[in-house]
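The next block holds one structure in the form of C-alpha cells; read it before the comments.
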Amino acid sequence: MAQAAAVAKKPAPHRRRRGSATPRRLPYLLIAPAGLLMLGFIAYPVLSVFYYSLQDYNPTKPWRNGYAGFENFVHAFTEDPIFWDTLIFSAKWVFVEVGLQLMFGLALALIVNQTFVGRSIGRAMVFSPWAVSGVLTSAIWVLLYNSQTGITRYLADMGIGDYGTSWLSDTSTVFPAAIVADLWRGVPFFAILILADLQSVSKDLYEAAEVDGASRFKQFLHITLPHLKDAIILSTLLRAVWEFNNVDLLYTLTGGGPAGATTTLPLYIANTSVDAHNFGYASALTTVAFVILLFCSIVYLRLSKFGGDDK
C-alpha cells in the first residue's frame, strides 16, 4: 500500500520537464517585446539602406527611379572625386581628433585622480563639456570664432592678427579651428572612462614599486598603462566611430566649407540625400562607410588583442 501511494504521488515526467523549462524561458519572454522593438528600429533601417543602395531613387525625379545594380558603387569608386576627397579627410579627421583626445584625456584623468583641494569641483568642470550637445557646442564656438565679437577681435586689439579675420573662412585655419572645438567636447569622454579605470588600480602596486626604487615614469609605464589597456582600446574605438560619423558639429560650424575643406564622408552623404535628394547614391555611400568601419573595427580589435591577457 505504501509503495502504491508513493507511485501515485510522484509527478508525471512530462509535467516536471514543463515546470523546469518555464523559468529558463521566462527571461527571454520578458525581454522579447524590447528585442522586437529594437529589431524593428535598427534592422529595418539598415536593410532599407542596403536595398536603396542598389536603386536609383530620387523623389524629385521619379521617372528615373528603378533598379541600378552596382552602378552607384561603381560611380563612387571610379567617377566621383568628391568621394575620395571626403574619405581622405575623414581619415585625417579621425586620426588627429582621436589621438589628441586620448592624449589630453589621459593627462586630465591622471591629474583629477590625484588628491587636492577642490578635486570634486575640478572633476565637474573637466567633465561638464561632455554633457553639452554637438549643436550647442558648435554654436558656442561659432560665437568664439566670430570675426567681430570673438577671439580674433581681442587678438587684434592686442596687435596679433588683423581685424575681421575669420578662422572658419580660411582654408589654412579652418581645420585647426574645428579640431580645437571638437577637442573641447571630446576630451572629457576619455577622461571619464580612464579615470573610472584608474580608480580600480590597487595602491599596493605603487607602494611596492616605490619600495623597489621605481620612478614615477616607470610606475606609469609598467603599472598604469597595462591596467588601462582595455579601457584605452575600447574608448579609442568608440570615439573613432563617433568622430567618423561626426555631422552635427562640422555641419553647424563650417557646413563642410570653405570650398569643401572640412567635408567628411558622412557630411557628404547628408548633403547628397537631404540637399540633392539622391537617396540611392547616398545609401550606396552609407553602405561603403559601414563596410569601412566594420573592417577597421575588426582589424583594430584583433591587432590590439582587446580583452586578452598580455604575455
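We use all heavy atoms of the structure for the numbers below, so side chains are in, but hydrogens, waters and symmetry mates are not. Throughout, residue positions are numbered sequentially from 1 according to the sequence presented.
- In terms of hydrophobic clustering, with Ile, Leu, Val, Met, Phe, Trp and Tyr side chains grouped at heavy-atom distances under 4.5 Å, L294 and V291 are assigned to a common cluster.
- Between A191 and F127, the shortest heavy-atom contact is CB-CE2, 3.8 Å.
- I121 CD1: 12 or fewer foreign heavy atoms inside a 6.0 Å radius.
- Across every non-hydrogen atom of F73 and A284, the tightest pair is CE2-O, 3.6 Å.
- Ring pair W184/W141 is perpendicular by interplanar angle, where above 60° counts as perpendicular and below 30° as parallel.
- Residues L237 and S297 have side chains in contact (heavy-atom distance under 4.5 Å, counting atoms from C-beta outward).
- When all heavy atoms of P59 and H277 are compared, the pair lying nearest together is CD-O, 3.4 Å.
- L195 is listed as a side-chain neighbour of R123, based on a closest heavy-atom distance under 4.5 Å.
- Atom CZ of F279 is surrounded by more than 12 heavy atoms from other residues, nucleotides or ligands within 6.0 Å.
- Taking the side chain as every heavy atom from C-beta outward, I151 and N146 never approach each other to under 4.5 Å.
- No side-chain donor from either of T263 and T86 sits under 3.5 Å from a side-chain acceptor of the other.
- H227 is not listed as a side-chain neighbour of L198, based on a closest heavy-atom distance of 4.5 Å or more.
- Under the 4.5 Å side-chain criterion, counting only non-hydrogen atoms from C-beta, N65 is not in contact with Q55.
- For Y51, the OH atom is loosely surrounded, since the number of other residues' heavy atoms within 6.0 Å does not exceed 12.
- Among F89, Y268, Y281, F77, the one residue that satisfies the ring-ring contact (aromatic ring centres under 6.0 Å, His included) test with F83 is F77.
- At a threshold of 4.5 Å between non-hydrogen side-chain atoms, the residues N58 and R64 do not count as touching.
- Around the CE atom of M103, the shell of radius 6.0 Å holds more than 12 heavy atoms that belong to other residues, nucleotides or ligands.
- Between the side chains of N113 and Q199, at least one donor N or O sits under 3.5 Å from an acceptor N or O.
- Minimum heavy-atom separation, P258 to L168: CD-O, 3.6 Å.
- Among all heavy-atom pairs drawn from M125 and P129, the shortest one is O-CD, 3.5 Å.
- For F95, the CZ atom is loosely surrounded, since the number of other residues' heavy atoms within 6.0 Å does not exceed 12.
- Remark: side-chain polar atoms of N72 are paired, donor with acceptor, to backbone N or O of S53 under 3.5 angstrom.
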Can you check side-chain contact (heavy atoms from CB on, under 4.5 Å) on Y67 and D56, steps first, answer last?
-> CA-CA 6 Å; Y67 180 73; D56 280 329; over 6 Å; no

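- In this model, a donor atom of one side chain and an acceptor atom of the other lie less than 3.5 Å apart for Q101 and R239.
- Using cut-offs of 30° and 60° for the angle between ring planes, the F189 and W130 rings count as tilted.
- Using a 4.5 Å heavy-atom threshold, the side chains of L183 and E97 count as touching.
- Counting heavy atoms from C-beta outward, T224 and Y206 have side chains that approach closer than 4.5 Å.
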